[in-house]
Amino acid sequence: MMVRRDAPYVTCRDDEDLKRCLDYVHVNPVKHGLVTRVADWAWSSFHRYVRLGEYDVDWGGSPEMYGDEFKYAE
């Protein structure tokens with residue numbers, strides 16, 4: 001496997017930025033039509049964060065949130 005040296009790197013600058021990145025990762029299976037709810041993606045770290053109390057199990061149920069999660073990021 002060849003690793004691209006020019007691939008963009010994503011750095012989370014603070015807790016708020018980390019949360020935005022996690023939201024993006026967790027909602028991706030829904031955005032791409034693989035499941036209808038975030039909680040339905042069995043391989044997601046979302047389930048761990050639900051157990052830790054970081055997310056409600058029904059989080060991600062609003063279609064409005066499946067747009068550009070990073071449009072307000074610097």
**Student:** Should the pair Asp23-Arg20 be classified as a salt bridge under the 4.0 Å nitrogen-to-oxygen rule?
**Tutor:**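 Looking at Asp23 and Arg20, the cut-off is not met.
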
**Student:** Can you see which heavy atom on Arg37 is nearest to which on Asp58, and at what distance?
**Tutor:**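 Closest approach of Arg37 to Asp58: NH1-OD1, 3.8 Å.
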
**Student:** What distance separates Trp59 CH2 from Glu54 CD, expressed to the nearest 0.5 Å?
**Tutor:**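 Interatomic distance, Trp59 CH2 to Glu54 CD, rounded to 0.5 Å: 12.5 Å.
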
**Student:** Between atom NE2 of His47 and atom NE2 of His26, what is the distance when rounded to the nearest 0.5 Å?
**Tutor:**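 Spacing of NE2 (His47) from NE2 (His26) equals 8.5 Å.
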
**Student:** Which residues satisfy the side-chain contact (heavy atoms from CB on, under 4.5 Å) test with Val57, sequence neighbours excluded?
**Tutor:**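 Here the qualifying residues are Ala39, Val50.
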
**Student:** Please determine if Asp15 and Lys19 form a salt bridge, counting it only when a charged side-chain N lies under 4.0 Å from a carboxylate O.
**Tutor:**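 Judged by the 4.0 Å cut-off on N to carboxylate O distance, Asp15 and Lys19 do not form a salt bridge.
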
**Student:** Please give me the minimum heavy-atom distance between Cys12 and Leu18, naming the atom from each residue.
**Tutor:**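 Heavy atoms only, the tightest pair is SG-CA, 3.9 Å.
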
**Student:** Quick one: do Tyr55 and Leu52 end up in the same hydrophobic cluster if we chain Ile, Leu, Val, Met, Phe, Trp and Tyr together by side-chain heavy atoms under 4.5 Å apart?
**Tutor:**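 No; tracing contacts between hydrophobic side chains, which count when under 4.5 Å, never links both residues.
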
**Student:** Could you state the interatomic distance from CG (Asp40) to CG (Leu34), rounded to the nearest 0.5 Å?
**Tutor:**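 One gets 11.5 Å once the value is rounded to the nearest 0.5 Å.
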
